[in-house]
Structures are given as structure tokens and as C-alpha cells.
Amino acid sequence: MYNQRTKIKALLSSEATHFQTTVMGWVRSFRNNQFIALNDGSTNNNLQVVVELGMLDESNLKRITIGACIRASGELLPSMGKGQKVELKASAIEILGDSDAETFPIQPKRHSLEFLRENAHLRFRTNTFGAVFRVRHALAFAIHQFFNSKGFVYMHTPVITGSDAEGAGEMFRVTTLPIDGSAPRNEDGSINFKSDFFGRSTNLTVSGQLEGELAAMAFSEIYTFGPTFRAENSNTPRHLAEFWMIEPEMAFYDLEDNANLAEEFIKYIIRYATEYCSEDLAFLAQRLEEEEKALPQEKRSGMGLLEKLDFVVKNHFERITYTQAIDILRESNHNKKKKFQYPIDQWGIDLQSEHERYLVEKHFQKPVILTNYPAKIKAFYMRLDENCPPDRQTVAAMDILAPGIGEIVGGSQREERMDHLLRRMREMHIPEKELWWYLDTRRFGSCVHSGFGLGFERLVQFVTGMNNIRDVIAFPRYPGNAEF
RNA sequence: UCCCUAGUAGCUCAGUUGGUUAGAGCGGCGGACUGUUAAUCCGUAGGUCGUAGGUUCAAGUCCUACCUGGGGAGCCA
């Protein structure tokens, strides 16, 4: 048996000392030919391994370089130094894997996030990314725990989809046909997909929602949690071409039930992270604080990461309708002084980022749930509100806006009435023939139901305080980039 | 995709109104050091100034195009 070791996290929190143990990990620094800071990823904190003088000969001592992988055995003792409680007095050190000091890119100093992104295969070995990805793991685990505890069924919706009718975004095509122009063609010159792998045109999914609705019409409450793909040329710190999305779908939930669940969900996930990732979050909070010191006063958030998370957990999300939001924005001094790039003048316009930010960061200073948007700017499957004033038709949509990152949740009560749904699909040119299976849910036992979608990376961004979404997914995909 | 901005040593940066041989810290390498904490001290190597054109007696510095990064916008999660 090879894996006979104790994890560093366990040793650092050990009450007992004076016992023999073995650790394996990667060297973070080596000082004074004597002190190895060793990390095995179980925690951001390093174990100090003390090398007695003369224990290793000159040539082996030289092999203890930053990034090298070693096994150390010895006695765990109270530390004689000040920076740590315990340390390992080594009686044997074996170098498992050398790391050439001249070419290993990660130095014991502060690197820019951009540089580390170019070294994404090695950036896990830094404090920042160690913390980020342990938090990411904890959040994923908390999501399953939350839904499982409520009796939701975890559905795996397809990654390859035949439907391209949702209009949620540009899609990546999936095909085994040759791309050199020799693919079979129809008479009109378009590609004939009859001979393609699936016998039809297929794409990578942009959303599992429609399939999720099918499952909700049997299990009552389901959720999806999987990768999603958008072929949009988006170059922002909030967008990826490949990202993970959580999409719960619930029968017998109206819009209010839906918003209640989303709020409870977000608070649960954050509370879980603050409870189980306190060390990593404390590190990230400190990192963020130092980063903000370099910014001019008006750009600082004013609230530390930990306070922000605590604040979100403890306060009710503000709930207002789109119409109320327009009134607030129109009457705001900001608008009257013409400080918006896009002034608010009429009902029906889509809100811009600056408007959302004003509502969340200036007016309410907390997360906001915006509901009942104009039907014209929302998707076909959202339920038409009843008794709307003329020319002010709205749908039962809801967006949750979070400080710092904007829209974190988008959801709605779904249109369960066949006649309304068909009318909306025709208005918006959604081909009903292709979605026959979706429409079948409205034919056979339709019911009030709702759901929402949440971008996992945006949640990780919010909790870790990382500004760029490319730094919260291990190997980010975005226009012009698919390294690793 | 559009607007703004940046690209100088392995990394983080300085480089004046265009003017001699382009600098520093960290890292690397060589050495010193038996309680260090991004260790410290001494020494040392390391650069086609993003790429291609142009202006000029002279370009790291000015102009144009392209590439790459960052910020903002749009699309959205």
C-alpha cells in the first residue's frame, strides 16, 4: 500500500504531538537549507518540515526546489518557531518528483492573475487558486445537499441536443460530417444532415430547461447541474463559452414560490461556504482587501468579502416588479441629472447593466429580485400575467441581481396554458413542430410550474470575490482560447 | 462585435520634451548562514523593448495595421 500518509490539514489541527507520521506534498518554499513549507492541497496552510543539518547530502538538498514533490517522515512536534503551532521534524525525506527551479513558473511571490491564467495547469499550486477551487468544490457539494434534502431529483439532461429552438444563444454545432466542403448537400445547397451521426443537425446544449420541465411533470421537483455551451463572441469578465448551470424546475410552484426557493437556495449555499470554507474565505477576503487598496476610493466596494456574504445571508432580498423598478429609476436623481448613459424614459425598455447596478448597489444596497418584465423582452415559455393594463403586458419572470456581478439568477413561472403558449411561439417564430415533445407536457396533465437557472461560475465569483469568471473555472473556454 | 487602455529580463515594474552602452526588485545560478516565515547577506548571468511597416540625422519613446492581455458595452447565466 503506497498511500500511507496523513493529510496536512489533519496534522495542522492535531491536538496531539510527539508521534511519528508521513506526509506527501509539493514544496512551496525552502528556507535556510532547513525549513520546507509543504502543501498537499488539503488546506491553504503549509506544514513546516524541518530538515536536520547533515540529514541529506548536498546533491539531494539541492533537489528540494519549489514545486518538487516529496515524501517526508518524522515526528510531529510543537514548533520552535513563531509562525506555526506544529512542525514535522524529518527523519527521512524522499524526492518523489523533481522540479527544475529554472523553468518552474510559479515563484514564492505575488503573480498576476493574468499570468497564472496562462499557466492554468499549475495555478492550483498557488494560495489563491487553491482556495478558489476548494470553495468551488464546497459550493457544488452544497448545491446537491440543498436539493437532496428537499427531495428534488437530480436530472442529467443531454449535452448534445437536437433542439436549436430555444433562442437562448448561439450554439456550437456537433457533427461527424467532413468539414472540407465534401459533406452531402440538399438540392438547395444546404448541408444534408440525414447522413450525419444522429441523422439530423445537432448542437451542444445551451440549457437543460425544456428537458427539465419534462421531468418536473413526473417527479414534481427536479434540478439539473451540468455544463452548458454558448458560442457567443462575449469577451467580458462574466461570460464563458463553457460554463456550469443549475436549473431547478418545480411543478406546483408559482412565481412567488419560485422566488422563495431561489432566495433560500442562495442563502443556504453561502451559509454552507462560510461554515465549511472559513479559512479559504478568510484568505480570499484578505487578498481582495489588499487588491482594493490599490484602487481609487470610489471604486472600492466598501464592504469586505466576509461582511458581504454575511449581509446577504441575513437580509431579505428586495422584491420589486419591473414597473416599480422603472419608476424608481426614472425618479432617481441619477436619471434626472442625466448620469445614465441610457436614460430611463419609457416603460418597456430592457434594463441596462448600469440600471441594474444602480438598483442593487446604490438604491437598495442588497440583492434584488426583479419580477414581471414586459413580455416583449422575455422568452416564449414565460407565463403571461393576467389583468395587465393595455400595452403593458408582462410575464411572470424573475431575475435576481447581486451586487458586483449583476444577474445571478434568471427564472420564471412557465406558461402552462396551451393556447397562450402556442400563440407566443408563433409570435416569436419558435417552430412548434420541433418542440412537439415540449408541447406534449401541456397536452397531458399540464400544471402550474416554475423554475430558474443559475450560472455556477457567477455564484463562485460572488462567494470568492474573484473579479474575472475565467479565474473560477479550472480551464476556461472563451473566444480564441481552448488551451489545456 | 464595438469603445478605451496596455505590451520593456522568467515574474512585477521604472525608463524624462525622441538623443551615448535600456535599469530595479523578485526569481535563476555560485557562495555564506543551524530557527527561518515571500528568510537574510555577498557575487553573477539574463533583453530582437508584442509583430510588421512608416516618420526622422536619430525610435523603447511618434504614426499606421495586426496580434495578445486588461477595463467598459452588447448578448446573457
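Just so you know, these numbers come straight off a predicted model, no measurement behind them. Letters A, B, ... mirror the listed sequences (proteins, then strands); counts begin at 1.
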Open item on the list: Are there runs of at least three consecutive Watson-Crick or G-U pairs touching RNA chain B, with each pair's two distances under 3.5 angstrom? Give them by first number.
Closed with: B:1-7 with B:67-73, B:10-13 with B:23-26, B:28-32 with B:40-44, B:50-54 with B:62-66
Just jot down the side-chain hydrogen bond (donor to acceptor under 3.5 Å, both in side chains) partners of [X], sequence neighbours excluded, or say none.
X	result
A:Asn372	A:Asp385
A:Lys89	none
A:Thr21	A:Thr6

TODO: Return the residues of residues 85-97 of chain A meeting this criterion: a heavy atom under 4.0 Å from some atom of RNA chain B. Order them by number, or give none.
DONE: A:Glu87
Task: Any residue meeting ring-ring contact (aromatic ring centres under 6.0 Å, His included) with A:Phe104, in chain and number order, not counting sequence neighbours - done: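 For A:Phe104 there are no ring-ring contact (aromatic ring centres under 6.0 Å, His included) partners, ignoring immediate neighbours.
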Open item on the list: Just to verify, what does A:Ser14 make a side chain to side chain contact (heavy atoms under 4.5 Å, CB included) with, not counting sequence neighbours?
Closed with: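 For A:Ser14 the side chain to side chain contact (heavy atoms under 4.5 Å, CB included) partners, ignoring immediate neighbours, are A:Ala16, A:Phe19, A:Leu76.
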Task: Contacts of type side chain to side chain contact (heavy atoms under 4.5 Å, CB included), residue A:Phe475, not counting sequence neighbours - done: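 In terms of side chain to side chain contact (heavy atoms under 4.5 Å, CB included), with neighbours along the sequence ignored, A:Phe475 is linked to A:Ala120, A:Phe124, A:Arg477, A:Phe484.
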For nucleotides 25-32 of chain B, give me every protein contact, N/O to N/O, under 3.5 Å, one pair per line with atom names.
{"residue": "B:G25", "atom": "N2", "partner": "A:Lys109", "partner atom": "NZ", "Å": "3.1"}
{"residue": "B:G27", "atom": "O4'", "partner": "A:Gln107", "partner atom": "OE1", "Å": "3.3"}

Please tabulate, for the side chains in residues 337-350 of chain A, all donor-acceptor contacts under 3.5 angstrom to protein atoms that are two or more places apart in sequence or on a different chain.
{"residue": "A:Trp347", "atom": "NE1", "partner": "A:Thr323", "partner atom": "OG1", "Å": "3.0"}

Looking at every strand, decide which applies to [X] at a 4.0 Å heavy-atom threshold: base, sugar-phosphate, or nothing.
X	result
A:Thr236	base
A:Ile408	sugar-phosphate
A:Met80	base

- [ ] Kindly state each residue pair satisfying salt bridge (Lys or Arg N to Asp or Glu O under 4.0 Å) with at least one member in residues 70-85 of chain A, sequence neighbours excluded.
- [x]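 Residue pairs passing salt bridge (Lys or Arg N to Asp or Glu O under 4.0 Å), neighbours aside: A:Arg71-A:Glu94.
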Open item on the list: Show me the pairs that pass salt bridge (Lys or Arg N to Asp or Glu O under 4.0 Å) and involve residues 127-138 of chain A, at least two apart or across chains.
Closed with: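 Those involving residues 127-138 of chain A are A:Arg134-A:Asp280, A:Arg136-A:Glu457.
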Open item on the list: Looking at A:Ser112, I'd like to know whether one of its side-chain N or O atoms comes within less than 4.0 Å of OP1 or OP2 on B:U12.
Closed with: yes
Open item on the list: Closest approach to the side chain of A:His239, judged atom by atom: which nucleotide of B:U36, B:U34, B:C75 is it?
Closed with: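 In terms of side-chain proximity for A:His239, the closest of B:U36, B:U34, B:C75 is B:C75.
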